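Here the structure is laid out as structure tokens; the discussion comes afterwards.
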Amino acid sequence: MSDPTKIRATVKGSDGEVRILIPHVMESGQRRDPSGQLLPAQYITSVILSLNGRPVIESALGTAVSTNPLFAFQLLGVKAGDKVSVAWTDNKGQKGGAEASFSAA
Amino acid sequence: MLRRDFLQAFGSATALAPLVAAGLLSPGTAMAVTVNRAAFDAKTAADALRLIGAASAESSRDIQLKAPEVAENGAAVPIEVISSIPGTTRLSVLIDKNPLPLALQFNFAPEAAARFQAKLRMAESSRLRVVATAGGKHYTVFREVKVTVGGCGD
């Protein structure tokens with residue numbers, strides 16, 4: 001959980017590919033500990049991807065997203081140097097994020 | 001699509017005020033998307049579809065859903081979704097047999113292609129369903145994915 005969020009942005013032609021890795025437990029609330037108690041759900045509910053400070057992808061997540069979520073997106077009409085950032089929030093109020101600049105492939 | 005059409009498609013910023021107050025969205029970063037969190041608590045795919053307004057989605061060949069036919073590990077099933085439907089603003093993914101079927105929703109501004117890759121958790125073999133929203137209409141495609149080892153319990 002304490003590992004930093006990673007974001008990688010690569011220009012491909014006139015578009016850009018963004019890959020995001022968020023180290024997070026994504027506890028589904030369906031699992032039990034050895035004594036049979038349900039482990040409380042802790043999962044990311046919102047991920048916002050911004051291009052040059054403007055939100056371009058907003059997501060709502062449920063408990064069915066895997067542990068340490070990995071996402072890939074494609075943004076249109078980007079160039080090297082454009083800034084992309086990601087910000088996430090989980091259901092317990094924890095937050096994280098990362099920023100990168102698009103680099104040529 | 002013009003930016004203002006895009007914003008109107010998702011309702012006014014006023015409707016988001018409670019979300020901002022609840023800390024779900026930070027002021028200044030919201031894209032004016034309305035999210036129905038209740039849909040994520042729905043216990044059946046039918047209820048979730050109804051809550052996202054897609055109960056009568058028509059099937060479409062213009063949505064590509066790439067997923068393994070057999071997933072050995074249900075804890076991380078890689079999927080890729082690409083919508084070729086013009087003006088797609090939202091993609092939703094449901095896993096029918098999961099305890100909570102609605103897995104995720106992505107909302108796209110015009111600067112983003114309506115496509116993504118993600119890894120999902122599947123409790124058991126199930127129908128995997130994608131709903132694309134474009135111009136207020138809903139389109140859907142599904143695939144069956146066999147899961148060898150489920151990914152929700154232990």
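All figures in this text were calculated on a predicted structure; none of them were measured in a lab. Residue numbers start from 1 in every chain, and the chains themselves are labelled A, B, ... in the order their sequence lines are given, proteins ahead of strands.
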Would you call the rings of B/Phe106 and B/Phe108 parallel, tilted or perpendicular, taking 30° and 60° as the class edges? tilted
Side-chain donor-acceptor pair under 3.5 Å between A/Ser46 and A/Trp88, yes or no? no
Among A/Gly62, A/Ala64, A/Gly29, which residue forms the greatest number of heavy-atom pairs with chain B at distances under 4.5 Å? A/Ala64
Just by distance, no angles: are the side chains of A/Asn91 and A/Gln42 close enough, under 3.5 Å, to form a donor-acceptor pair? no
Which residue out of A/Leu75, A/Leu61, A/Leu70, A/Asn68 racks up the most heavy-atom pairs below 4.5 Å with chain B? A/Leu61
B/Leu102 portion near chain A, given a 4.5 angstrom heavy-atom threshold: backbone
Is it the case that over 12 heavy atoms from other parts of the model lie below 6.0 angstrom from the CZ atom of A/Arg8? no
